[in-house]
There are 2 protein chains.
Amino acid sequence: MGHFLSITVNDKLYIKDPQSSDLGQKILKNSIILIDELGLDNFTFKKLADHIESTEASIYRYFENKQKLFLYLLNWYWEWLNFMLENNTINVSDPRKKLRIMLMVLIDSAKRNLDVEYIDEDILHRLVIVEGAKGYHTKFVDQQNNEGFFLAYKQVCASLSQTIMEIKPDFPYTRSVASMILEMTFSNIYFSDHLPKLTSIESGEDRQDELLKMMEFIVDKILG
Amino acid sequence: MGHFLSITVNDKLYIKDPQSSDLGQKILKNSIILIDELGLDNFTFKKLADHIESTEASIYRYFENKQKLFLYLLNWYWEWLNFMLENNTINVSDPRKKLRIMLMVLIDSAKRNLDVEYIDEDILHRLVIVEGAKGYHTKFVDQQNNEGFFLAYKQVCASLSQTIMEIKPDFPYTRSVASMILEMTFSNIYFSDHLPKLTSIESGEDRQDELLKMMEFIVDKILG
DNA sequence: TAATTATGATAGTATTACTATCATATGCAA
DNA sequence: TTGCATATGATAGTAATACTATCATAATTA
């Protein structure tokens, strides 16, 4: 079914739509793999070009630079996340149940029903967890925010925020709790893999269950 | 009084101790200013060298590369934060009061009593808020963690964690809540300046009071 | 068949991220 | 005072990065 849905990304992020051509799709697919492998800092267009047996010049026809490409990938992920959140809660009227499902989607994006062959959502999810914060923690955030580069991310928060409001209409900090849920979920996955002292979640078999349990506990406490 | 205290930073982060010489102190002072001004990505040793009227070669005698210099600054900040947390809670026995003070220190590091002329704590605090996450969101986090580059950060979390445990000995998620407090506090300051849709805190006069109020509210709810 | 478009091949520039060498100044030790 | 170590500066050089430009050619489309 997912085959019929396509993700639309802010067109200021690319020069030429990478989803529209073979080479473009190759760039997306392999940039995700390479950034995951090398880290964003060590990833270069040259390395990507060599990897896909193309040239730097060709890649520059799609993206201005690697930051834009990276923001493109982040936006693709956020748009996809928005779709997943929407899609999985469409017939759920109980807001508490809805929030629970949203937490599950955030944690376990593996339940995907959208397969775009040129994007590996699992690797992308990992990439977002590891490097995602770099997308908006930059000196140029204001300028990029003006260009709408964070709309999709803000939409994810808005959806969470909306659901919190449905649960507790008089809750005074919906937006901060929404962004906290997002960041806390991701960072606890990251911490459990790399900085275990910073999390109560152990990396292992039932990590996702543990994390869901914890996030539900925290959210329940906060929303009373 | 602070004049007599010095901050010790993991010696694997530098080649030659920058706190031990004029040039080293100049490097620290001006790297903070320049990274704040240009952003970490656009900051280079060449620009720093020109700025302080020295040479790249001289700077490389102190730091291997800019990542190490950046990690040094982060560590300096974290060590300093640890000192501030410790120093401000030393005679406070009520753990709830202690946590409240710790939140205040996190939010308003302006109450500083340690003046090292070669570090501007205010700019450094801003820098940590804007770029701090880049310190540990990297592909090389495991290796760097092994070298102890995050000990000071983990110590901050440990102190928070400890205090939470004093408040509620049976609380199951002290570590995750501790890291959440840290990250949420910083990101809400950042968001209120740059991505207001992601926070309930408005940038302005009484932001710090509002933030403290919110963080206390959240923590109170979570700890019951 | 001609025209357009997409990609590849190649070259070139400025900047970055270093490393190496030599000269000089400064301080301390004998 | 001489001498020696140490710190910094000055200069040069290399490989990689981050682009930009031009031309050739293959594939599409009109």
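Every chain is numbered from 1, with letters handed out A, B, ... down the list of sequences. This is a predicted model, so every value here is computed, not measured.
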K.L.:
Apply side chain to side chain donor-acceptor pair (under 3.5 Å) to D36(A) and list each qualifying residue two or more places apart in sequence or on a separate chain.
P.N.:
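So D36(A) forms a side chain to side chain donor-acceptor pair (under 3.5 Å) with R126(A).
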
K.L.:
I'd like to know if the side chain of T199(A) and the backbone of F191(A) have a donor-acceptor N/O pair within less than 3.5 Å.
P.N.:
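Checked: no pair found.
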
K.L.:
What is the distance, to the nearest angstrom, from the CG atom on L48(B) to the P atom on dC18(C)?
P.N.:
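So the CG-P distance, L48(B) to dC18(C), works out to 14 Å.
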
K.L.:
When you check the side-chain N and O atoms of E121(A) and Y77(A), is any donor under 3.5 Å from an acceptor?
P.N.:
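Side chains of E121(A) and Y77(A): no pair found under 3.5 Å.
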
K.L.:
In Å and rounded to the nearest 0.5 Å, what is the CG to NE2 distance from D108(A) to H125(A)?
P.N.:
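Taking CG in D108(A) and NE2 in H125(A), the distance rounds to 8.0 Å.
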
K.L.:
In this structure, which stretches of DNA chain D are paired as stems of three or more consecutive Watson-Crick or G-U pairs, both distances less than 3.5 Å?
P.N.:
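Stems for DNA chain D, defined as runs of 3 or more consecutive pairs: C:1-30 with D:1-30.
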
K.L.:
Checking T174(A) against S161(A): is there a side-chain donor and acceptor pair closer than 3.5 Å?
P.N.:
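Side-chain D/A pair, S161(A) to T174(A): present.
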
K.L.:
When the distance from CG of D50(A) to P of dT7(C) is rounded to whole Å, what number comes out?
P.N.:
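The distance from CG of D50(A) to P of dT7(C) comes to 18 Å, rounded to the nearest Å.
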
K.L.:
Reading nucleotides 8-21 of chain D from the 5' end, what letters show protein touch, with B for base, S for backbone sugar-phosphate only, - for no heavy atom under 4.0 Å?
P.N.:
BBSB-----SBBBB

K.L.:
Identify the pairs formed between an N or O of the protein and an N or O of nucleotides 27-30 of chain D at a distance under 3.5 Å, and give each distance.
P.N.:
none

K.L.:
State whether a side-chain donor-acceptor pair under 3.5 Å links K47(B) with N42(B).
P.N.:
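No, no side-chain donor-acceptor contact under 3.5 Å.
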
K.L.:
Just one of V141(B), L74(B), V9(B), L13(B) clears the side chain to side chain contact (heavy atoms under 4.5 Å, CB included) bar with F149(B), so which one?
P.N.:
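Output: one option passes, namely L13(B).
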
K.L.:
By the salt bridge (Lys or Arg N to Asp or Glu O under 4.0 Å) test, which pairs, at least two apart or in different chains, include something from residues 186-202 of chain A?
P.N.:
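Output for this query lists D193(A)-R207(A).
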
K.L.:
How would you list, by chain and number, every residue that makes a ring-ring contact (aromatic ring centres under 6.0 Å, His included) with F45(B), sequence neighbours excluded?
P.N.:
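Checked F45(B) against ring-ring contact (aromatic ring centres under 6.0 Å, His included); matches are Y60(B).
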
K.L.:
May I have the distance from D17(B) (atom CG) to dT6(D) (atom C1'), rounded to whole angstrom?
P.N.:
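Distance check: D17(B) CG to dT6(D) C1' gives 16 Å.
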
K.L.:
Does F83(A) have its ring centroid less than 6.0 Å away from the ring centroid of W80(A)?
P.N.:
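No: the rings miss the under 6.0 Å criterion.
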
